[in-house]
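The structure under discussion appears below in the form of structure tokens.
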Amino acid sequence: MFELKKQQGGARLGTYTTTHGEIQTPVFMNVGTQGAIKGALSAEDLSTVGAQVLLCNTYHLHLRPGEETIHSLGGLHSFTTWDGPILTDSGGFQVFSLAKLRNIKEEGVTFNAHTDGHRLFMGPEESMKIQWALGSDIAMAFDECVENPAPYEYVEASINRTYRWLKRCDEAMQQLKSREDTVNPQQVLWGINQGGTYAALRERHMKMIAELDLPGYSIGGLSVGEPAEVMYEMIDAVAPHMPKNKPRYLMGVGTPENIIEAVARGIDFFDCVMPARNARHGHVFTSKGIININNAKYISDSAPLDENCDCPACRRFSRAYIRHLLKAGEMLGMRLLVMHNLYFYNKLMADIRAAIAEDRFDSFRREKTQVFSQRI
RNA sequence: GUGGGUAUAGCUCAGUUGGUUAGAGCAUCGGAUUGUGGUUCCGGGGGUCGAGGGUUCGAAUCCCUUUACCCACC
């Protein structure tokens with residue numbers, strides 16, 4: 001399923017094949033938590049911004065409209081009309097980030113829904129059942145994302161539990177896929193590495209889950225408040241123990257600089273809410289650095305957001321117009337900004353792939369990490 | 001013309017029996033955001049309290065004069 005085509009230093013160029021199409025890696029997965037990218041983007045717009053993969057969320061879609069509804073309508077691909085690859089997150093992170101009162105036990109987690117506060121339970125079997133019903137191409141394991149910082153003893157106990165949960169996820173998925181009403185028989189399960197900011201625990205846990213021989217592995221629980229350097233150290237600790245011929249996914253990351261640095265350390269898959277969320281607040285990624293379109297200096301700026309960008313917003317509209325739309329609360333302002341930022345991220349990944357293919361990733365890395373991080 | 005009312009930040013308004021450096025919301029300006037609760041969070045700037053005079057240790061607050069606007073009546 002995953003073909004590693006080339007390596008330059010730590011950076012990898014590959015192709016991951018699903019029944020809904022090939023994914024060229026390194027890749028950025030576009031986050032559409034509730035089945036759509038926030039900012040009024042449709043499945044059609046996903047193609048426009050160069051998206052290869054859509055990421056949806058088990059927990060949110062379970063709350064509404066419910067996985068049974070989506071299953072009865074033929075699964076997420078049919079429901080959203082996005083015919084490309086879809087990855088579903090397991091809900092593990094949402095339990096950690098959204099739920100206030102959560103009670104973690106061996107069976108799973110009891111917590112309060114963020115929508116109306118009702119008590120609900122989710123464990124490995126529940127998460128797999130939902131993701132199976134949704135019919136995503138890649139299902140993520142139900143894991144525990146521990147807080148940062150967390151005591152060593154707690155994290156150690158947690159990775160053991162997350163390992164047991166992973167085995168239960170694997171078994172549940174095998175059983176479910178034998179059912180006649182399976183929407184996506186080719187659905188696969190990826191495992192998630194945890195271990196907080198303890199390199200030794202990260203490494204130990206990675207070795208444990210690698211033995212299960214799953215078709216993909218991810219690193220979770222990072223970019224939750226720790227410095228970027230610590231995150232890079234954790235990747236360096238884990239990556240050497242990830243199977244070489246399988247995709248590697250760094251969950252929830254990150255800034256353009258974070259992504260370039262992680263690619264250099266051997267990561268193939270990324271996802272992050274940052275381009276979309278920041279866009280909604282006027283924070284724009286450009287080829288020359290970061291701008292805040294809310295700033296007064298753009299009030300009569302006739303230039304596009306990024307003169308080197310070919311996205312629908314930049315091809316046609318001025319900074320002044322988009323700033324006005326955002327200030328005036330017109331939905332189009334948000335939509336154009338989200339489209340631009342996602343186009344930028346997907347283009348960034350295409351540029352990274354080209355750089356690796358042409359043996360110039362090192363210079364690309366040196367040149368771009370600085371530029372993309374600066375404010376202009 | 002007569003009577004009544006109002007006047008405090010760009011806007012809408014609080015402001016206790018007169019008592020620290022006159023506040024809020026919105027607007028404005030800037031920042032934050034990392035496996036997304038879609039208008040969020042944090043911070044900054046901005047006032048001759050309509051004007052002038054008086055009382056008082058001290059006035060946005062009390063008194064007088066005046067100006068503008070609003071309402072009612074003639």
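Hydrogens, waters and symmetry mates are skipped; everything else that's a heavy atom, side chains included, is used. Chain A is the first sequence line, chain B the second, and so forth, proteins listed ahead of strands; every chain is numbered from 1.
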A/His205 versus A/Gln194, closest heavy-atom pair with distance: ND1-N, 3.0 Å
Given the C1' atoms of B/G10 and B/G46, what is the spacing between them in whole Å? 9 Å
Which nucleotide sits closest to the side chain of A/Lys38: B/G35, B/G37, B/G38? B/G38
What dot-bracket string describes RNA chain B from 5' to 3', counting Watson-Crick and G-U wobble pairs whose defining distances are under 3.5 Å, with [ ] for crossing pairs and | for pairs to another strand? (((((((..((((.....[...)))).(((((.......))))).....(((((..]....)))))))))))).
A/Asn292 and A/Tyr298: side chain donor to acceptor below 3.5 Å: no
Between B/U6 and B/G53, how many Å separate the two P atoms, rounded to a whole number? 24 Å
Should we say atom CZ of A/Arg64 is surrounded by more than 12 heavy atoms from elsewhere, each under 6.0 Å from it? no
Look at all strands and tell whether A/His283 reaches a base, only sugar-phosphate, or nothing, counting heavy atoms closer than 4.0 Å. base
Could you give the CG-to-P distance, from A/Leu61 to B/G37, as a whole number of Å? 13 Å
Respond yes when some side-chain nitrogen or oxygen of A/Arg375 is under 4.0 Å from OP1 or OP2 of B/A32, and no when none is. yes
Any side-chain donor paired with an acceptor under 3.5 Å for A/Ser287 and A/Asp306? yes
Once you round it to whole Å, what is the distance between P of B/G38 and CZ of A/Arg277? 8 Å
Tell me yes or no: between the side chains of A/Asn112 and A/Arg119, is some donor less than 3.5 Å from an acceptor? yes
Quick check on contacts: within residues 202-227 of chain A, what sits under 4.0 Å from RNA chain B by heavy-atom distance? A/Gly221, A/Ser223
Between B/G45 and B/G4, how many Å separate the two C1' atoms, rounded to a whole number? 40 Å
Please report the distance, rounded to the nearest Å, between CD1 in A/Ile293 and C1' in B/C29. 15 Å
Taking the C1' atom of each, how far is B/G58 from B/A51, in whole Å? 22 Å
Do A/Thr369 and A/Glu257 have side-chain N/O donor and acceptor atoms under 3.5 Å apart? no
Reckon A/Asn295 has a side-chain N or O less than 4.0 Å from the OP1 or OP2 of B/G31? yes
Judged by each residue's nearest nucleotide on RNA chain B, which is more toward the 5′ side, A/Asn278 or A/Met331? A/Asn278
Can you identify which nucleotide, out of B/G35, B/U33, B/G37, has its nearest atom closest to the A/Val273 side chain? B/G35
Just wondering, do A/His281 and B/U40 stack (centres under 5.5 Å, planes under 30°)? yes
Please check the phosphate of B/C29 (OP1 and OP2 only) for any side-chain N or O of A/Lys327 closer than 4.0 Å. yes
Please determine whether a side-chain nitrogen of the Lys or Arg among A/Arg161 and A/Glu106 lies less than 4.0 Å from a carboxylate oxygen of the Asp or Glu. no
A/Leu55 CG to B/U34 C1', in whole Å, measures 13 Å
Report which part of the nucleic acid A/Asn258 touches: base, sugar-phosphate, or nothing (heavy-atom distance under 4.0 Å, all strands). base
What contact category does A/Leu250 fall into here, base, sugar-phosphate, or nothing, at under 4.0 angstrom with non-hydrogen atoms? nothing
Is there a donor-acceptor contact under 3.5 Å linking the side chains of A/Tyr232 and A/Asn258? yes
Does the base of B/G35 carry an N or O that pairs as donor and acceptor with the side chain of A/Asp143 under 3.5 Å? yes
Pairwise C1' distance for B/G18 and B/C70, with rounding to whole Å: 29 Å
Please state the P separation for the pair B/A22 and B/G47 - nearest whole angstrom. 12 Å
Taking B/C26 as the reference, what is the distance to B/G3 when you measure between their C1' atoms (whole Å, please)? 37 Å
A/Tyr16 ring center near A/Trp190 ring center (under 6.0 Å): yes
With no hydrogens and no angle check, do the side chains of A/Glu3 and A/Thr15 hold a donor and an acceptor under 3.5 Å apart? no
Side chain of A/Gln34 - closest among B/G38, B/U34, B/U33: B/G38
Distance-only side-chain donor-acceptor flag, A/Asn30 / A/Asp271, under 3.5 Å: no
Choose from B/G38, B/U33, B/G35 the nucleotide whose nearest atom is closest to any side-chain atom of A/Ser90. B/G35
From B/C29, B/U33, B/G38, pick the nucleotide closest to the side chain of A/Arg280? B/G38
Could you state the atom-to-atom distance from CG of A/Leu337 to P of B/U39 in whole Å? 16 Å
Given B/U34, B/G35, B/G31, identify the nucleotide with an atom nearest to the side chain of A/Met274. B/U34
Please report the distance separating the P of B/C49 from the corresponding atom of B/C11, rounded so that it comes out in whole Å. 16 Å
Indicate, with a heavy-atom threshold strictly under 4.0 Å, whether A/Glu257 touches base, sugar-phosphate, or nothing. nothing
